[in-house]
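Computed over heavy atoms, backbone and side chain alike; hydrogens, waters and symmetry mates excluded. In what follows, residues are counted from 1 in the order of the sequence shown.
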Amino acid sequence: MPLNLTAFVCIAIAVALSSAIVGAEDPYRFFNWNVTYGDIYPLGVRQQGILINGQFPGPDIHSVTNDNLIINVFNSLPEPFLISWTGIQQRRNSFEDGVYGTTCPIPPGKNFTYILQVKDQIGSFYYFPSLAFHKAAGGFGGIRILSRPRIPVPFPDPAGDYTVLIGDWYKANHTTLKAILDRGKKLHFPDGILINGHGPNGTSFTLGVEQGKTYRLRISNVGLQNSLNFRIQNHKLTLVEVEGTHTLQTTYSSLDVHVGQSYSVLVTADQPAQDYYIVVSTRFTSQILTTTGILHYSNSAGPVSGPPPGGPTIQVDWSLNQARSIRTNLTASGPRPNPQGSYHYGLINTTRTIRLANSAGQVNRKQRYAVNSVSFVPADTPLKLADYFKIGGVFRVGSISDSPTGGGMYLDTSVMGADYRAFVEIVFENYESIIQSWHLDGYSFFVVGMDGGQWSPASRNQYNLRDGVSRCTTQVYPKSWTAIYVPLDNVGMWNLRTEFWARQYLGQQFYLRVYTTSTSIRDEFPIPKNALLCGRASGQHTRPL
């Protein structure tokens with residue numbers, strides 16, 4: 001494998017010695033990844049997939065709270081490549097976020113070593129390729145952050161702990177899909193659903209269990225646009241964690257997982273010993289896509305029988321009620337020994353309300369998507385580098401408004417300014433007839449309310465100000481709103497985007513610049529020593545290695 005091992009070792013040693021970046025007492029985990037194209041057959045036809053170390057999906061990252069992750073990524077693709085880390089907060093370090101607004105792409109034939117710390121985090125997340133339309137080709141995998149041994153977890157150790165990546169999928173190569181979007185057209189409906197890379201026309205996904213034992217499934221929707229319902233024939237799902245928050249242990253017959261979201265459930269093999277269907281199907285679509293896997297008991301007396309169990313299809317109220325039932329376990333410890341309920345977010349006065357409305361339309365006779373009428377266009381230089389090196393003319397803070405304008409859609413490199421340590425309310429307003437899914441890099445936020453109709457200040461009367469779940473991705477139902485509270489305690493340039501990937505690609509995103517005049521490393525780390533420099537930042541200098 002053509003990896004520059006000497007350079008990797010030098011960087012790793014430098015990182016290990018740099019107490020300014022990470023705490024010297026925290027363990028290190030090293031990963032060496034080679035990213036290539038390869039043939040995959042998830043829907044029974046040959047496609048060009050993105051493999052990591054020859055794997056589709058890519059390898060899991062296993063870590064523990066506060067671990068330092070040193071991930072050397074060699075780009076063997078013929079085009080630039082970036083990996084982003086959904087849900088990893090990159091404390092004081094948005095340079096490592098892995099989206100084009102913060103990080104220069106890895107050139108073909110070159111490598112870049114990500115230096116991440118999963119500081120004060122636990123839970124289930126995933127990584128994915130963020131450039132071009134690479135996400136439609138693979139290159140994604142699970143991330144799990146276990147609690148430190150001394151921190152109690154609010155359920156017994158499961159007999160097994162499995163990553164389950166679900167998502168919609170196209171038979172066309174990602175290059176074909178990207179070309180459709182570049183021509184200003186919409187994508188057609190996806191062709192199938194995958195479970196860990198397995199589709200309905202290929203080999204089935206199989207999960208082996210032993211009778212009487214309980215297993216943890218970490219389910220992430222890594223797809224491109226569709227909300228999905230997950231269920232297991234004759235088995236209950238007990239929710240225990242959502243994107244880093246231990247939840248009340250509510251039991252469901254099936255679970256809606258919206259695009260970009262991650263959930264942990266416990267499943268007990270308490271049924272007669274045979275095989276059972278694992279079912280994933282689309283939600284809120286007139287055409288229902290379904291795929292199945294197999295829950296296989298080790299002492300199984302026979303194969304699956306009967307039709308796969310049906311699930312909800314277009315019912316919004318069912319999903320809304322389920323979403324409202326997902327609440328924080330206030331007595332459980334999070335990444336620290338203090339209980340999750342010790343942070344009383346509902347008693348803090350918000351200092352600003354940001355209202356964000358999504359929209360769809362055409363600009364210059366090409367399909368575009370927008371937030372508050374602004375359809376994002378990438379600059380020629382990552383915004384974080386332009387900010388750090390004080391390069392003018394790349395972006396303008398305030399190029400997107402705090403509230404819907406009601407005006408026509410236009411193109412701009414939209415950046416919203418925000419003050420460090422402000423406590424803000426963000427309201428996502430969805431005037432469209434499709435469900436939306438929103439993600440904020442670098443943060444977890446408290447989901448305080450969601451409902452149908454139009455948001456107004458009176459809507460605050462129904463907010464959950466006690467045990468709303470803290471997470472990094474939230475859904476907004478058709479012609480509805482969702483409100484979140486965000487403590488802006490992480491300086492940097494952070495991507496706020498739709499998780500509908502065609503919409504993200506065509507402009508439904510912007511960057512939140514959380515700013516302080518302080519230059520102390522207590523507030524933000526300096527640029528990484530090994531940072532790639534591109535665009536108008538080429539020729540600048542990082543710190544000496």
Are the side chains of [Y] and [X] in contact, using a 4.5 Å heavy-atom criterion?
| X | Y | result |
| --- | --- | --- |
| Thr290 | Val280 | no |
| Leu255 | Val265 | yes |
| Thr245 | Arg471 | no |
| Gln436 | Thr498 | yes |
| Tyr252 | Gln322 | yes |
| Leu82 | Val99 | no |
| Pro190 | Leu289 | yes |
| Leu496 | Leu356 | yes |

Mutual orientation of the aromatic rings belonging to [X] and [Y] [parallel < 30°, tilted 30-60°, perpendicular > 60°]:
| X | Y | value |
| --- | --- | --- |
| Tyr443 | Trp494 | perpendicular |
| Phe81 | His134 | tilted |
| Phe284 | Tyr477 | perpendicular |
| Tyr276 | His235 | perpendicular |

Are [X] and [Y] within salt-bridge range, i.e. N to O under 4.0 Å?
| X | Y | value |
| --- | --- | --- |
| Asp26 | Arg148 | no |
| Asp67 | Arg29 | yes |
| Asp120 | Arg336 | yes |

Does the [X] side chain pair with the main chain of [Y], one donor and one acceptor, at a distance under 3.5 Å?
| X | Y | answer |
| --- | --- | --- |
| Lys135 | Gly223 | yes |
| Asn173 | Thr176 | no |
| Asn490 | Gly442 | yes |
| Gln47 | Lys171 | yes |
| Tyr170 | Gly192 | no |

>> side-chain contact (heavy atoms from CB on, under 4.5 Å) for Ile232 and Leu217? Distances and angles first, verdict last.
In response: CA-CA 12 Å; Ile232 301 178; Leu217 309 185; 4.0 Å; yes
>> Pair Gln475, Ile435 - check side-chain contact (heavy atoms from CB on, under 4.5 Å), show working.
In response: CA-CA 7 Å; Gln475 72 274 26; Ile435 192 168; 4.2 Å; yes
Looking only at heavy atoms, what is the nearest atom pair of [X] and [Y], with distance?
| X | Y | result |
| --- | --- | --- |
| Leu51 | Gly38 | CD1-CA, 3.7 Å |
| Gln508 | Ala370 | CG-O, 3.7 Å |
| Asn229 | Pro312 | ND2-CG, 3.5 Å |
| Gly58 | Ile52 | CA-CB, 4.2 Å |

>> Among Tyr505, Phe510, Tyr511, which residue satisfies the ring pair (Phe, Tyr, Trp, His ring centres under 6.0 Å) criterion with Phe376?
In response: Tyr511
>> Tell me which one of Tyr37, Trp501, Phe133 satisfies ring pair (Phe, Tyr, Trp, His ring centres under 6.0 Å) with His174.
In response: Tyr37
I want to know whether [X] and [Y] have ring centres closer than 6.0 Å.
| X | Y | answer |
| --- | --- | --- |
| Tyr114 | Trp33 | no |
| Phe230 | Tyr263 | no |
| His296 | Phe205 | no |

> Which residues satisfy the ring-ring contact (aromatic ring centres under 6.0 Å, His included) test with Phe445, sequence neighbours excluded?
Replying inline: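 Phe445 satisfies ring-ring contact (aromatic ring centres under 6.0 Å, His included) with no other residue.
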>> Which residues pass the ring-ring contact (aromatic ring centres under 6.0 Å, His included) test with Phe95, not counting sequence neighbours?
In response: Tyr388
>> Is it true that, when you exclude Asp157 itself, more than 12 heavy atoms of the residues, nucleotides or ligands shown sit nearer than 6.0 Å to its CG?
In response: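 Incorrect, the count does not exceed 12.
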>> So for atom CD1, which belongs to Ile288, do other residues, nucleotides or ligands contribute more than 12 heavy atoms lying within a distance under 6.0 Å?
In response: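 Yes, CD1 of Ile288 has more than 12 neighbouring heavy atoms, counting only those of other groups under 6.0 Å.
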Supply the atom-to-atom distance [X] [atom1] to [Y] [atom2], rounded to the nearest 0.5 angstrom.
| X | Y | atom1 | atom2 | result |
| --- | --- | --- | --- | --- |
| Ile434 | Asn358 | CD1 | CG | 7.5 Å |
| Ser281 | Asp256 | OG | CG | 8.5 Å |
| Leu165 | Tyr126 | CG | OH | 9.5 Å |
| Ser480 | Asn430 | OG | CG | 7.0 Å |

> Will you find, in the side chains of Gln117 and Gln90, an N or O donor that is under 3.5 Å from an N or O acceptor?
Replying inline: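 Not at all, the side chains of Gln117 and Gln90 share no donor-acceptor pair under 3.5 Å.
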> Testing Arg216, His246, Glu243 for side chain to side chain donor-acceptor pair (under 3.5 Å) with Ser264, which one passes?
Replying inline: Arg216
> salt bridge (Lys or Arg N to Asp or Glu O under 4.0 Å) between Arg324 and Asp451: does it pass, once the steps are laid out?
Replying inline: CA-CA 10 Å; Arg324 287 171 168 167; Asp451 204 355; 3.2 Å; yes
> Which pairs pass side chain to side chain donor-acceptor pair (under 3.5 Å) with one or both residues in residues 94-106, sequence neighbours excluded?
Replying inline: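 Qualifying pairs: none.
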> Does the side-chain contact (heavy atoms from CB on, under 4.5 Å) test come out yes or no for Leu224 and Val259, once each step is laid out?
Replying inline: CA-CA 7 Å; Leu224 299 174; Val259 186; over 6 Å; no
> Please walk me through it: do Asp441 and His439 pass side chain to side chain donor-acceptor pair (under 3.5 Å)?
Replying inline: CA-CA 6 Å; Asp441 279 353; His439 173 82; 2.6 Å; yes
